[in-house]
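Note that ligands are numbered from 1 as they come in the structure, with each ligand's atoms numbered from 1 the same way. Heavy atoms only: backbone and side chains are in, while hydrogens, waters and symmetry mates are out. Note that this is a predicted model, so its numbers are computed, not measured.
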Amino acid sequence: MHVDQLSSAQLEQALAQAETDYQTLLSQNLSLDLTRGKPSAEQTALSNDLDGILAGNYVAEDGTDVRNYGGIDGLPEAKRLFAETLGVPADEMLIGGNASLTLMYQVVEFALNFGFTNPWKNGTGTPKVLCPVPGYDRHFSICQHLGIEMVTLPMLDTGPDMDEAERLTQELDNVCGIWCVPRFSNPTGCVYDDATLERLAKLPSLAQGDFLVLYDNAYAIHALTADAPKLGSIRDYAVAAGTEDHIIQFGSTSKVTLAGAGVAFMSSSKSTLTRFKNHLGFQTIGPDKVNQLRHVTFFKDFEGIMAHMDKHAAIMKPRFDAVLETLDRELSGTGMGSWIAPQGGYFVSFETRPGLAKTVVALAGDAGIKLTPAGATFPYGNDPADSNIRIAPSFPSIEDVQATMDAFVLCIKLATLRALVGKQ
Ligand SMILES: Cc1ncc(COP(=O)(O)O)c(C=O)c1O
């Protein structure tokens with residue numbers, strides 16, 4: 001029953017039950033963690049065969065000895081392979097090191113200080129980047145670290161609120177970019193629809209100065225089911241709008257092969273990549289091409305990657321099911337919170353009633369359940385409604401995910417009922 005329809009006596013009774021259950025939970029001395037958006041050991045083990053796969057063959061298809069310096073934009077065969085994950089031509093790819101986050105940081109720093117056209121820092125006022133919220137905390141840390149102001153806008157089921165994105169880009173001084181996670185966004189799991197992609201591709205032409213769509217396609221191929229929504233091509237919309245220099249896509253195999261020892265890549269127009277490549281040349285003589293060749297040898301082709309992703313989905317799906325079935329069974333129709341059932345990615349985003357997220361995370365913490373700190377999905381750690389909690393079920397065992405979710409819903413009930421009874 002919906003909590004708003006309960007009488008005072010019913011609320012008191014429900015609260016008394018929740019308090020008793022919480023005491024039992026405390027007595028269990030649990031130690032569980034639902035914070036880490038990283039693959040489980042079972043998932044990383046899928047890529048154990050990377051080890052030693054080159055078996056002495058260190059020569060790339062163009063004759064390059066991958067054990068030596070050079071090739072700043074990566075091996076041609078790696079470009080071809082990973083271009084398919086982003087849906088772009090291979091000659092619009094740059095293959096980097098082990099982390100797409102590094103590429104994102106380098107791109108933002110380059111745009112700020114040197115500029116793909118004009119340095120962001122030379123614009124009128126502090127450079128600003130639009131941040132759809134809730135979003136990915138490490139995008140926000142890059143901005144904060146580099147002194148870039150973050151301007152939030154709502155994330156809808158279809159992607160960022162584009163009315164707001166267009167308005168802010170036109171009305172504020174020095175809006176220089178927007179962060180996007182277009183497929184299975186972190187944390188809401190939404191997939192941007194075509195209308196959003198088309199408007200995003202046109203956004204750079206509304207800005208006064210150099211504007212970048214920072215398009216972090218981290219979960220491009222991370223579907224949980226075969227019928228998960230597909231993502232349209234922002235590149236095609238950008239080519240039609242003449243903005244392809246301003247769209248920069250990122251991706252990696254951190255959650256395909258090995259997190260921290262995978263291959264990161266990015267895509268943009270040839271001229272944008274050339275500018276960035278020249279900048280990269282001051283930082284490195286070349287990326288880890290041995291790892292790139294290992295990955296190409298391991299996967300062979302895009303079908304190889306997708307077959308591998310099916311194995312990930314088989315491991316991930318039961319964990320997501322445990323989360324969603326528990327939420328459905330315990331909270332559906334109660335008005336105690338809302339959530340979206342994602343069809344891919346790594347997270348479930350939960351909205352408590354306003355003002356309760358910190359309390360829920362603290363209650364869970366006292367019971368030995370680590371949840372992502374409330375506010376982490378917002379710039380400066382500030383969720384104005386104090387309602388978003390990011391659930392990351394990939395790393396623990398299914399049993400631990402289930403135990404954590406049982407505790408989580410109890411903390412939601414307790415926090416909600418305490419707030420409702422306290423108000424009366
Ligand atoms: C949206 C998003 N982008 C990037 C990353 C990190 O990618 P990488 O390991 O390639 O740096 C993550 C990791 O959680 C992520 O969620």
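Listed by number with element, the atoms of ligand 1 under 4.0 angstrom from any heavy atom of S252 are 8 (P), 10 (O). The S254 neighbourhood of ligand 1 comprises atoms 8 (P), 9 (O), 10 (O), with distances under 4.0 Å to a heavy atom of that residue. Interface atoms of ligand 1 facing A99, defined by a heavy-atom separation under 4.0 Å, are 10 (O), 11 (O).
With atom 14 (O) of ligand 1 as the reference point, the heavy atom nearest to it among H139, M104, R36, K255 is part of K255. In this comparison of D216, T102, V256, the heavy atom closest to atom 4 (C) of ligand 1 sits on D216. For atom 5 (C) of ligand 1, the candidate residues are Y105, F250, Y136; the nearest heavy-atom contact is made by Y136.
Atom 7 (O) of ligand 1 has as its closest protein heavy atom S100 OG, 3.2 Å. Looking only at protein heavy atoms, the nearest one to atom 11 (O) of ligand 1 is L101 N, 2.9 Å.
Listed by chain and residue number, E351, T352, D383, A385 satisfy the side chain to side chain contact (heavy atoms under 4.5 Å, CB included) test with S387 (two or more places apart in sequence, or in another chain).
Between the N174 side chain and the G125 main chain, a donor and an acceptor come within less than 3.5 Å of each other. K358 places no side-chain N or O within donor-acceptor distance of the main-chain N or O of L356, the cut-off being under 3.5 Å.
Checked against a 6.0 Å centroid threshold, the rings of H279 and F110 count as neighbours.
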field: Trace of the side-chain hydrogen bond (donor to acceptor under 3.5 Å, both in side chains) decision for K255 with Y219
entry: CA-CA 8 Å; K255 289 167 181 172; Y219 301 108; 2.6 Å; yes

message: Go through it in stages, so that I can follow the logic: the residues are S349 and N388, the test is side-chain hydrogen bond (donor to acceptor under 3.5 Å, both in side chains), and I'd like the CA-CA distance, side-chain angles, deciding distance and then a yes or no.
response: CA-CA 7 Å; S349 182; N388 186 253; 2.9 Å; yes

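Residue contacts with ligand 1 include Y219, since one of its heavy atoms falls under 4.0 Å from the ligand.
Heavy atoms of V181 found under 4.0 angstrom from ligand 1 belong exclusively to the side chain.
Under 4.0 Å is where a charged nitrogen must lie from a carboxylate oxygen, and between R199 and E166 at least one such pair does.
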